[in-house]
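A quick write-up on the structure given underneath.
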Amino acid sequence: MDPAAPLLLFDSGVGGLSVLAPTRALLPYAPIIYAADNAAFPYGTRSEAEIAARVPALIGRLVERYKPRLAVIACNTASTIALDHVRTALDIPVVGTVPAIKPAAELSKTRVIGVLGTEATVRQPYVDDLAARFAADCLVIRHGSSELVELAEAKFYGAPVSVDAVRAALRPMREAPQGDQIDVIVLACTHFPLLADVIAAAWPGVALVDGGPGIARRIAQLTAGQPWPASPPPGIAVFTAPQRAPPASALVRFGLEEIRAL
Ligand code: DGL
C-alpha cells in the first residue's frame with residue numbers, strides 16, 4: 001500500500017464534508033480527495049436513472065485519476081441508488097452512506113422516528129429494507145426536502161439561514177399523522193448535519209442522528225494497519241463545476257487547500 005494513496009469522498013455538493021470532518025478527526029494523516037458533482041447538484045430531485053448512470057462513471061474517472069485506497073460515497077441519495085453499481089465497477093473498498101435507521105430505532109422511546117432525506121432517498125427500496133430490518137416496531141415517517149438541501153448549501157457558502165425557514169421545511173414531517181410524537185430524526189442526507197444547529201432550534205427536544213461518525217469508524221476499520229504519510233498533505237477538492245465551487249475559506253476549515261476541476 002502506497003502511503004500517499006488518498007481516501008476519496010464523493011457527494012453532489014458540500015454535504016460529504018459532514019463525513020469528512022469525523023474522518024479527519026480519526027485519521028489525521030490520511031491524504032484526502034473530496035469530490036463534488038456540483039454541476040449536477042442537487043441529486044435529490046433527479047431520477048434514479050440519471051444518478052445510476054452518473055455516479056459510477058464519475059467515481060470511475062476519479063479512481064483512475066487519483067488512485068485512492070478506498071472510496072466513500074458520502075451521499076445518501078447516490079448510495080441508496082448506486083452503491084452496488086459502484087462496488088461492482090471498482091476493485092477498491094467502497095463505503096456507502098445510508099440512513100442511520102438502526103441507531104435511531106435504538107434511541108427512540110416513542111417508537112415514532114423521522115427519516116429526513118432527499119426526495120430521491122426517501123422513496124428508495126433500500127430505505128424500506130432498513131426500516132423493515134431495524135425499525136419494524138416503529139412508525140417511520142419519511143420526508144424528502146430539497147429546500148433543506150439548498151439551505152444547507154447556502155449556509156456553507158455564508159448565507160444566513162433562519163430557523164423559520166427550516167421550521168417551514170420540516171412542517172410536512174411534523175404534521176404527518178403521529179408526526180408530533182417523533183422523538184428521533186435520522187439526518188438521512190449528508191447535507192443536514194451542516195444545518196443541525198438550526199434543525200435543533202426549529203424542532204426543540206428531538207434527537208438528531210448523524211451517520212457521519214459511524215462512517216468514519218468504518219473507514220478507520222477498513223484501513224487499519226495501512227501506512228500513511230509522515231505529515232498530512234493538503235487536501236484536494238475536485239468539482240465538476242469549479243466556477244461554482246464554495247469559497248476557499250470555507251473549504252480550508254476541512255483541510256481542503258486546493259480546488260481542481262474534474
Ligand atoms: N448530500 C446528498 C445526500 O446525502 C444529496 C443532496 C442533493 O444533492 O440533493 O443525499
Side-chain angles (χ1 to χ4, degrees), residues 8-23 34-56 58-59 62 71-83 85-86 94-101 104 114-127 130 142-157 161 166 169-170 173 185-196 198-199 208-216 218-219 237-241 244-246 250-251 254 256 262:
L8 169 68
L9 286 89
F10 177 89
D11 182 35
S12 58
V14 299
L17 297 172
S18 71
V19 177
L20 176 57
T23 303
Y34 181 83
D37 183 15
N38 62 332
F41 172 87
Y43 273 4
T45 50
R46 293 185 180 275
S47 69
E48 280 73 0
E50 277 176 286
I51 292 171
R54 198 163 174 98
V55 171
L58 284 173
I59 296 182
L62 287 157
V72 186
I73 308 182
C75 172
N76 288 263
T77 312
S79 297
T80 54
I81 294 171
L83 183 57
H85 300 70
V86 175
V94 180
V95 177
T97 308
V98 300
I101 290 178
V115 174
L116 190 61
T118 65
E119 289 100 319
T121 295
V122 299
R123 66 172 182 254
Q124 293 313 309
Y126 205 121
V127 180
L130 290 173
R142 305 173 191 196
H143 177 50
S145 173
S146 51
E147 295 90 340
L148 285 178
V149 175
E150 296 288 354
L151 289 171
E153 194 92 0
K155 185 171 186 258
F156 190 81
Y157 278 67
V161 171
V166 170
L170 293 169
M173 177 178 259
I185 294 178
V186 182
L187 300 178
C189 168
T190 54
H191 276 76
F192 297 164
L194 304 176
L195 266 188
V198 198
I199 297 174
L208 303 176
V209 176
D210 170 6
I215 307 291
R218 180 73 187 135
I219 297 166
V238 184
F239 291 92
T240 52
R244 296 202 299 273
L251 293 171
F254 292 83
L256 302 172
L262 179 63

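This structure is a prediction, so every number in the text was calculated from the model and none was measured. Numbers for residues simply follow the sequence, beginning at 1. Read the numbers this way: they start at 1 and go in the same order the structure lists the ligands and their atoms.
- For R46, the side chain to side chain contact (heavy atoms under 4.5 Å, CB included) partners are A40, Y43, E50, I51, not counting sequence neighbours.
- Looking only at side-chain heavy atoms (C-beta outward), V127 and V122 stay at 4.5 Å or farther from each other.
- Defined by atom type and a distance below 3.5 Å, a donor-acceptor pair is missing between the side-chain atoms of T97 and T190.
- Residue S12 approaches ligand 1 through these ligand atoms, each under 4.0 Å from one of its heavy atoms: 5 (C), 6 (C), 7 (C), 8 (O).
- Nearest non-hydrogen protein atom to atom 7 (C) of ligand 1 is Y43 N, 3.3 Å.
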* To do: Take V95 and V19 through the side-chain contact (heavy atoms from CB on, under 4.5 Å) test and state the conclusion after the steps.
  => CA-CA 11 Å; V95 177; V19 177; over 6 Å; no

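- Residue-to-ligand polar distances place T77 within reach of ligand 1: an N/O pair is separated by less than 3.5 Å.
- Per-residue contacts place F41 under 4.0 angstrom from the following atoms of ligand 1 (heavy atoms of the residue considered): 8 (O).
- Under a 4.0 Å criterion applied to the non-hydrogen atoms of V149, ligand 1 contributes the atoms 6 (C), 7 (C), 9 (O).
- In this structure, atom 1 (N) of ligand 1 lies nearest to the protein heavy atom H191 ND1, 2.8 Å.
- Ligand 1 places these atoms under 4.0 Å from at least one heavy atom of D11: 1 (N), 2 (C).
- For a threshold of 3.5 Å applied to N or O pairs, the pair formed by N76 and ligand 1 contains at least one separation below that value.
- Numbered from 1 in the order shown, with element, the atoms of ligand 1 that lie under 4.0 Å from a heavy atom of G44 read 7 (C), 8 (O), 9 (O).
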